Number of protein chains: 2
Amino acid sequence: MPFQLTDESLSFFIEKCKRNKLKITPQRIVIYKELLKSTDHPHAEALHKRIKKIIPGISLDTVNRTLLTFAKIGIVKNVEGYGEPRRYDPKIEKHHHFRCIECNAIIDFEYKPYDDIIVPGDIQNRYFILNRKVLLEGYCDKCGKKR
Amino acid sequence: MPFQLTDESLSFFIEKCKRNKLKITPQRIVIYKELLKSTDHPHAEALHKRIKKIIPGISLDTVNRTLLTFAKIGIVKNVEGYGEPRRYDPKIEKHHHFRCIECNAIIDFEYKPYDDIIVPGDIQNRYFILNRKVLLEGYCDKCGKKR
DNA sequence: CTACTATATAGGAGTTAATCTTAATTGTCA
DNA sequence: TGACAATTAAGATTAACTCCTATATAGTAG
Ligand SMILES: [Mn+2]
Ligand SMILES: [Mn+2]
Ligand SMILES: [Zn+2]
Ligand SMILES: [Zn+2]
């Protein structure tokens, strides 16, 4: 079946935009709809390519700007990964990270129970798992105080 | 106390380089030493700045290339984060990701036990935790088959 | 110790994805 | 229906990495 933006998703979108005083533009609607039907966690350029089939003249800048806006009001999320600038770690023993969402500090911690955290059966069966990492996010002590 | 590269770390480094047929150059030694004493998970440019105080003429390219090499032979690690290109997720409900280290595919899964995973006490006390994510990494079904 | 060769380096050009700038356009609301 | 603030397109700029190539050097064989 072809994808269909449900009334609920659309009204959720409009609701959220209004609450944040964002104008409902055709560009925003199409960007939201297009991301909503993506299951591959695309980046802006990939999405831009798809969206140009619907609004040929849309600019890459608009897609980038709009996705940032959407993330800010919480209707889309950023995905953790290994993009640039790449950050390096000299600590090769098993450990985990806390990351401050304000200053982007990444702080090591060790916690044995995380190291061999149980993997759901269906994931275990379909994929070949090499690493298990827990990523905790929030405010570091410095940034937490300032608020 | 000032940082001191222990004999063990140095012989570990030399051992690993030799096993991988990498020449022991002054640049490589200094890059390794400098990353080893960093606890902030630096990116290449930051490290380059620090290293220029020791080898003023060293090029950024060498730092980048060398860090990649080190990661390949497993003496340093890449850190997960939110660098560019940023990837977006329309799914805002709590969920977790499997990531293929070969093709970089990111695949959703839901697993309740991960959602409220217990946070170590000292982390809980020092930082204000907002999110807890589990990141599983390995080979996806496609890339696993090819090997 | 010296010479040889494959590997590594410096420096600059090229690339990618994002961000900024500016002028034109368009939702929203009075 | 207008006025105006918000949004957009297009192109310039930037940040960080990657490629290119001539030069330098670590490892090693003699
Ligand atoms: Mn670490
Ligand atoms: Mn997801
Ligand atoms: Zn912080
Ligand atoms: Zn894969």
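These numbers come from a predicted model, not from an experiment. The chains referred to below are lettered A, B, ... by the order of the sequence lines, with proteins before strands, and numbering in each begins at 1.
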- Partners meeting salt bridge (charged side-chain N to carboxylate O under 4.0 Å, His left out) with B/Arg126 (sequence neighbours left out): none
- Query: Taking only residues two or more places apart in sequence or in another chain, which ones pass salt bridge (charged side-chain N to carboxylate O under 4.0 Å, His left out) with A/Arg65?
  - Reply: A/Asp61
Provide, to the nearest angstrom, the distance between the [atom1] atom belonging to [X] and the [atom2] atom belonging to [N].
{"X": "B/Glu45", "N": "D/dT14", "atom1": "CD", "atom2": "P", "result": "15 Å"}
{"X": "A/Leu47", "N": "C/dA17", "atom1": "CG", "atom2": "P", "result": "14 Å"}
{"X": "A/Leu67", "N": "C/dA17", "atom1": "CG", "atom2": "C1'", "result": "13 Å"}
{"X": "A/Ile55", "N": "D/dT7", "atom1": "CD1", "atom2": "P", "result": "15 Å"}
{"X": "B/Lys72", "N": "C/dA8", "atom1": "NZ", "atom2": "P", "result": "11 Å"}
{"X": "A/Tyr82", "N": "D/dC17", "atom1": "OH", "atom2": "C1'", "result": "19 Å"}

So what does [X] hit on the nucleic acid, given a heavy-atom distance under 4.0 Å: a base, only sugar-phosphate, or nothing?
{"X": "A/Arg65", "value": "base"}
{"X": "B/Leu68", "value": "sugar-phosphate"}
{"X": "A/Pro26", "value": "sugar-phosphate"}
{"X": "B/Glu84", "value": "sugar-phosphate"}
{"X": "B/Gly57", "value": "sugar-phosphate"}

- Message: Check the phosphate of C/dA8 against B/Arg28, side-chain N and O only, distance under 4.0 Å to OP1 or OP2. Yes or no?
- Response: yes
- Check whether any side-chain nitrogen or oxygen of B/Gln27 sits under 4.0 Å from OP1 or OP2 of C/dA10, and answer yes or no. yes
Please list, pair by pair, any protein nitrogen or oxygen found under 3.5 Å from a nitrogen or oxygen in nucleotides 28-30 of chain C.
unit_1, atom_1, unit_2, atom_2, d
C/dT28, OP1, A/Ile24, N, 3.0

- Starting at the 5' end of DNA chain C, which residue's closest nucleotide do you reach first, B/Arg87 or B/Thr66? B/Thr66
- Item | Contact nearer the 5' end of DNA chain C, comparing A/Leu60 with B/Ser59 | B/Ser59
- Message: Test your reading of the model: is there a side-chain donor-acceptor pair from B/Arg28 to the backbone of B/Lys23, 3.5 Å cut-off?
- Response: yes
- Got a donor-acceptor pair under 3.5 Å from the side chain of A/Asp61 to the base of C/dC20? yes
- Residue that, paired with B/Glu110, satisfies side-chain contact (heavy atoms from CB on, under 4.5 Å) out of B/His96, B/Lys91, B/Lys94: B/Lys91
- Query: So, B/His97 versus B/His95: side-chain donor-acceptor pair below 3.5 Å or not?
  - Reply: yes
- Can A/Thr69 and A/Thr66 be counted as having a side-chain donor-acceptor contact under 3.5 angstrom? no
- Message: Could you check whether A/Asp108 pairs with A/Arg99 (Lys NZ or Arg NE/NH1/NH2 to Asp/Glu carboxylate O, under 4.0 Å)?
- Response: no
